[in-house]
Amino acid sequence: MTMSFRKNFVWGAAAASFQIEGAAREDGKGPSVWDMMCEQPGRVFQGHSGAIACDHYHRYKEDVELMKEIGIKAYRLSVSWPRVLPTGEGRVNEAGLAFYDRLIDELLQAGIDPWVTLFHWDFPYELYCKGGWLNRDSASWFADYTEVIVDRLSDRVSHWMTLNEPQCFVGLGMEFGIHAPGDKLGLREVLRASHHVLLAHGRAVQVLRSSAKVVPTIGWAPVVVAAYPSTESETHREAARAAMFDFQTVWELNNDRKIAVWNNTWWGDPIIFGKYPEDALEAFAPALPPIQEGDMKLISEPIDFFGANIYSGLQVRAGENGKPEALPLAQGAAMTAFRWPVTPEALGWGVKFLYERYKKPMVVTENGLSSHDWISLDGEVHDPQRIDFLHRYLLSLAKSVEEGVDLRGYFQWSIMDNFEWAEGYKERFGLIYVDYPTQKRILKDSAKWYQQLIKNNGVLPLLGQE
Ligand code: FCB
């Protein structure tokens, strides 16, 4: 069984500023809500913090060297807003901006295309104190910040993502308080914030279109609440589609925690269709945010690709009366170290259903797993689970491509082990192992496997059949 991907397929890996950079207080960086979260006892596993993380701020050269060795074609990074604008607006911190300059140059020299995410959760603390995303001005703050980044980096960067996973930073951050800023707001505030987040996305797209020096390719990177059918039959496919796009079904099946904004359509529909989904509007009334004239047009400024962060999904079938139902996991079913179910079909089907609905070129902006990796007696890091996981997920992805999905790229989460938010350093998602006390990097077996896979553009025999 081999996999085939288009010529020029973008094989990449991803990380995010707060999770790897460290240098939390250096060179004039301002605090972010995640710095604030790390200071609060009991918020992050064993009191871990992002203060040093992978020290990527100082070790980026070595890291880019390793990326080159693995052979990734593109690297998805994010910019820390408060590193560039210490209070989130106004004065630009030249030293912070210069770091991204150096990083981008280093990547380009290594033949790696930088794909830049404007916002991956490290929101400026000073803006949080001004109301954060609850303040409608947040869209303008974000546009101004985007202007600074675009002005400086867009002569060399052509691929952009506006936001990473609003479902998380609004849902987990503002509604459930598990992520920064750690608030537990009511539905009305959560929806208001989400509307502003969408406005910010639209404003950033506008800035990119009008100011980028190299023609920009623009997307975003949402959580995908994924589902796949129990069999290929159209009835079950329809059930799986409903488990991704029908608001009530998603709510019932896909959302143990009952996070209001944990779905695909509340975000994806405004961005692509310029309107909120009717079923969600109904469900959320009367807590809906004020929507001003022109808002929906702004939010739906055309984008070029639809990103997808997919780690797992539900197996769904049409039950009695055709009502979609999720199949329970078998006892002892495969799970990652994080206890996320291993469901390879979620990747292929997730991408396929999104492509059907939104009709945009697709990019897998994140996929991967945390596993129990450590340095073996032989000094190597053996991670057979990661290799098997990636291979299975990629086979599923290849199937979606054969079936006609316009898929442009695939980004492994993550290039290296890093600060996994409220889980601290407990979860290891990297292709590169990071020994935090010494900051030593070791390519895991999976990195070498990925290297071969990239060389062959996805054509690789199954493990054990070489
Ligand atoms: C996603 C985040 C990313 C990382 C992975 C494991 O939700 O975008 O930063 O934490 O999960």
Side-chain angles (χ1 to χ4, degrees), residues 12-22 32-34 37-38 43-45 48-50 53-54 56 75-81 115-123 161-176 178-180 197 219-226 254-255 257 259 261-264 267 306-313 335-343 346-347 350 363-373 383 385-386 389-390 393 410-432 434 446:
S17 46
F18 191 79
Q19 294 179 277
I20 65 168
E21 284 177 4
S32 75
V33 292
W34 268 102
M37 193 79 170
C38 291
R43 292 290 209 172
V44 178
F45 177 76
H48 295 174
S49 107
C54 307
H56 175 71
Y75 170 52
R76 177 176 171 232
L77 65 115
S78 76
V79 174
S80 160
W81 182 350
W115 286 45
V116 173
T117 307
L118 291 166
F119 181 67
H120 199 132
W121 305 359
D122 35 7
F123 191 83
M161 285 140 289
T162 54
L163 309 169
N164 184 72
E165 299 190 345
Q167 292 94 336
C168 281
F169 70 81
V170 177
L172 298 179
M174 304 178 63
E175 187 185 4
F176 267 63
I178 302 168
H179 279 188
V197 164
W220 70 310
V223 161
V224 175
V225 180
N254 260 309
N255 186 3
R257 292 198 260 205
I259 300 169
V261 292
W262 198 265
N263 60 53
N264 301 310
W267 308 95
F306 203 100
N309 292 1
I310 300 182
Y311 291 87
S312 67
M335 294 212 186
T336 70
F338 215 152
R339 316 312 288 170
W340 293 356
V342 178
T343 55
L347 185 60
V363 175
V364 175
T365 34
E366 284 180 25
N367 170 244
L369 78 160
S370 69
S371 64
H372 294 296
D373 306 326
D383 58 343
Q385 266 82 7
R386 179 165 289 101
F389 178 104
L390 294 179
Y393 275 69
Y410 169 85
F411 287 81
Q412 221 308 277
W413 183 274
S414 170
I415 186 64
M416 64 181 105
D417 294 336
N418 60 49
F419 178 80
E420 178 49 33
W421 310 112
E423 307 300 326
Y425 299 99
K426 173 160 67 67
E427 304 298 332
R428 292 186 175 273
F429 273 90
L431 290 165
I432 300 169
V434 178
S446 59

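As the structure lists them, so they are numbered: ligands from 1, and atoms in each ligand from 1.
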For the 3.5 Å polar cut-off, considering only N or O atoms, please tell me whether [X] and ligand 1 meet it.
X	result
Trp340	no
Gln19	yes
Trp121	no

Q.
Heavy atoms only, cut-off 4.0 Å: how does Glu427 contact ligand 1, side chain, backbone, both, or neither?
A.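 The answer is neither; Glu427 stays 4.0 Å or more away.
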Q. Side chain, backbone, both or neither: which part of Val223 comes within less than 4.0 Å of ligand 1 when only heavy atoms are counted?
A.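 No part of Val223 comes within reach of ligand 1.
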Among all protein non-hydrogen atoms, which one is nearest to [atom], and what is the separation to 0.1 Å?
atom	value
atom 10 (O) of ligand 1	Glu420 OE1, 2.7 Å
atom 7 (O) of ligand 1	Glu165 OE1, 2.4 Å
atom 5 (C) of ligand 1	Tyr311 OH, 3.2 Å

Within a distance under 4.0 Å of any heavy atom of [X], pick out the atoms of ligand 1 and give their elements.
X	answer
His120	2 (C), 3 (C), 8 (O), 9 (O)
Trp421	3 (C), 4 (C), 9 (O), 10 (O)
Phe429	6 (C)
Asn164	8 (O)

Q: With sequence neighbours excluded, tell me which residues meet ring-ring contact (aromatic ring centres under 6.0 Å, His included) with Tyr425.
A: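 For Tyr425 the ring-ring contact (aromatic ring centres under 6.0 Å, His included) partners, ignoring immediate neighbours, are His48, Phe419, Tyr436.
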(Q) Under the rule for ring-ring contact (aromatic ring centres under 6.0 Å, His included), what residues qualify as partners of Trp81, not counting sequence neighbours? (A)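 Listed in chain order: Phe123, Phe142, Tyr145.
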Q) What class does the angle between the rings of Trp340 and Tyr311 fall in, given that below 30° is parallel, 30 to 60° is tilted and above 60° is perpendicular? A)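 Answer is perpendicular, since the angle exceeds 60°.
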With a 4.5 Å cut-off on side-chain heavy atoms, are [Y] and [X] touching?
X	Y	answer
Tyr393	Val342	yes
Ile259	Val170	no
Trp121	Gln19	no
Phe306	Pro222	yes

Q.
Any carboxylate oxygen within less than 4.0 angstrom of a Lys/Arg side-chain nitrogen, looking at Arg428 and Asp383?
A.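 No, Arg428 and Asp383 are not salt-bridged.
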